[in-house]
Amino acid sequence: DERGVIEDKACEEGYVARRTARSLAARLRSGSGVAAETLVRQDRKIAVHLGQSDDTVFPGNRLTLVVEVSLARGLHAYGEGAHGYRPLRLVVPEDPLLLLHPPVLPATHPFRFEPLQETVPVYEGKVRILQDVTLPDRKKLAPLLDSGEARLDVAGTLEYQLCSRTTCYPPDRLPLRWTLRVRPPELERLRARLASRLDGEGRLVVSAQSTRDQARNAAEAGERAAE
């Protein structure tokens, strides 16, 4: 964070399917990673903004979709639990081109409603919902990538019910949508670079000068870090 304190650590188990850097930033506890700037609803009770860690993605990327809910003063939404109210939740339907991970919501706090003698888990103020999705590998995305319109829409629904200390409003649903631009992995450029360094028998040629340059660059970088 701004004080130089490590907020979180992450380690990927695989090479192909991995979280993007901006997705890592979106999950920081400080909430400073990704802004939710697209307003999709605003009235006297609630404001809802959308955001996403990445606009452009590649096969295997794991990214984060963001829903930021701002509740008016004096109102609360409900968390999951054994009660008769509709909880605040994000519902994203299954998609063959997406692996859906469980959404992450902040902790609720107990609210005591004396007229009914009940205590329920609620959210108040600002609530940030994080929904991770992972794209499949290049083979499964091939029809989309070859279509010329490599765009993937992710639909979802925000469900909620708002109440005050005296009034409960009817349950509501808000349709949501995010759009991802999907790009193929840059394999052709890598193949071209490798091909330029193959000899007549297909062996990779690494010159002594290239090796010396790499060593010198690493040494200079180490000296700068020491300074």
Side-chain angles (χ1 to χ4, degrees), residues 1-10 19-55 62-93 98 100-114 116 118-133 153-180:
D1 61 12
E2 65 277 1
R3 299 169 298 172
V5 177
I6 297 175
E7 293 190 7
D8 203 353
K9 297 180 181 180
R19 190 186 294 276
T20 68
R22 287 181 56 82
S23 175
L24 287 170
R27 303 181 70 84
L28 294 177
R29 287 190 293 273
S30 61
S32 59
V34 173
E37 299 177 339
T38 303
L39 179 65
V40 292
R41 171 169 290 182
Q42 184 169 24
D43 54 38
R44 61 186 181 86
K45 299 189 296 291
I46 190 172
V48 180
H49 290 78
L50 300 186
Q52 57 197 74
S53 62
D54 301 83
D55 296 321
R62 177 170 174 169
L63 64 143
T64 301
L65 309 176
V66 181
V67 182
E68 195 167 90
V69 180
S70 299
L71 304 177
R73 184 183 298 274
L75 294 181
H76 57 262
Y78 294 93
E80 298 284 354
H83 51 71
Y85 307 98
R86 174 172 292 173
L88 175 68
R89 61 188 173 194
L90 173 63
V91 180
V92 179
L98 292 173
L100 302 177
H101 302 270
V104 177
L105 287 84
T108 58
H109 68 85
F111 176 81
R112 180 67 177 175
F113 188 55
E114 292 297 343
L116 295 180
E118 63 180 9
T119 300
V120 292
V122 302
Y123 299 104
E124 294 181 297
K126 185 174 291 187
V127 185
R128 191 173 173 91
I129 305 173
L130 303 179
Q131 172 68 66
D132 278 8
V133 298
D153 289 330
V154 183
T157 303
L158 182 69
E159 299 182 348
Y160 62 90
Q161 183 175 12
L162 304 180
C163 294
S164 69
R165 288 187 175 274
T166 59
T167 305
C168 270
Y169 299 95
D172 205 348
R173 290 185 174 92
L174 176 63
L176 308 174
R177 185 174 298 275
W178 297 264
T179 298
L180 308 174

Hey, can you pull the donor-acceptor pairs under 3.5 Å for the side chains in residues 100-110, sequence neighbours left out?
from: H101; atom 1: NE2; to: T134; atom 2: OG1; distance (Å): 2.7
from: H109; atom 1: NE2; to: E124; atom 2: OE1; distance (Å): 2.8

ask   = Less than 4.5 Å apart, any side-chain heavy atom of L90 and any of L176?
value = yes
N/O donor-acceptor pairs under 3.5 Å from side chains in residues 68-78, not counting sequence neighbours:
from: E68; atom 1: OE2; to: R128; atom 2: NH1; distance (Å): 2.9
from: H76; atom 1: ND1; to: C163; atom 2: O; distance (Å): 3.3
from: H76; atom 1: NE2; to: Y78; atom 2: OH; distance (Å): 3.2

remark   = OH of Y123 to CD1 of I129, rounded to nearest 0.5 Å, is 7.5 Å
query = Is the shortest heavy-atom distance from the side chain of E37 to the side chain of H49 under 4.5 Å?
reply = no
key: Check: T64/S23 side-chain N/O donor and acceptor closer than 3.5 Å   = yes
inquiry  = Measuring only between side-chain heavy atoms, which start at C-beta, is L88 closer than 4.5 Å to V127?
reply    = yes
message = Looking at every heavy atom in both V92 and A155, which two are closest together, and how far apart are they?
response = CG1-O, 3.4 Å
inquiry  = Once side-chain hydrogen bond (donor to acceptor under 3.5 Å, both in side chains) is applied, do any residues pair with Q52, and if so which ones, sequence neighbours excluded?
reply    = D55
ask   = Does anything in residues 44-53 pair up under salt bridge (Lys or Arg N to Asp or Glu O under 4.0 Å), and if so which pairs, sequence neighbours excluded?
value = none
ask   = So do the side chains of V133 and L63 get within less than 4.5 Å of each other, counting heavy atoms only?
value = yes
query = How far does NE2 of H83 sit from CD of Q161, to the nearest 0.5 angstrom?
reply = 9.5 Å
query = For residues 168-179, which residue pairs qualify under side chain to side chain donor-acceptor pair (under 3.5 Å), counting only residues two or more places apart or in two chains?
reply = R41-D172, D153-T179, E159-R173, Y160-D172
query = Just wondering, do V120 and Y85 contact through their side chains at under 4.5 Å, heavy atoms?
reply = yes
query = Between L65 and L130, does a side-chain contact (heavy atoms from CB on, under 4.5 Å) hold up when you go through it step by step?
reply = CA-CA 6 Å; L65 309 176; L130 303 179; over 6 Å; no
key: Partner residues of D54 under the salt bridge (Lys or Arg N to Asp or Glu O under 4.0 Å) criterion, sequence neighbours left out   = none
message = Using only atom types and a distance under 3.5 Å, with no angle test, would you say the side chain of R62 pairs donor to acceptor with the backbone of R19?
response = no
remark   = In this structure, CG of L174 is separated from CD1 of I46 (nearest 0.5 Å) by 7.5 Å
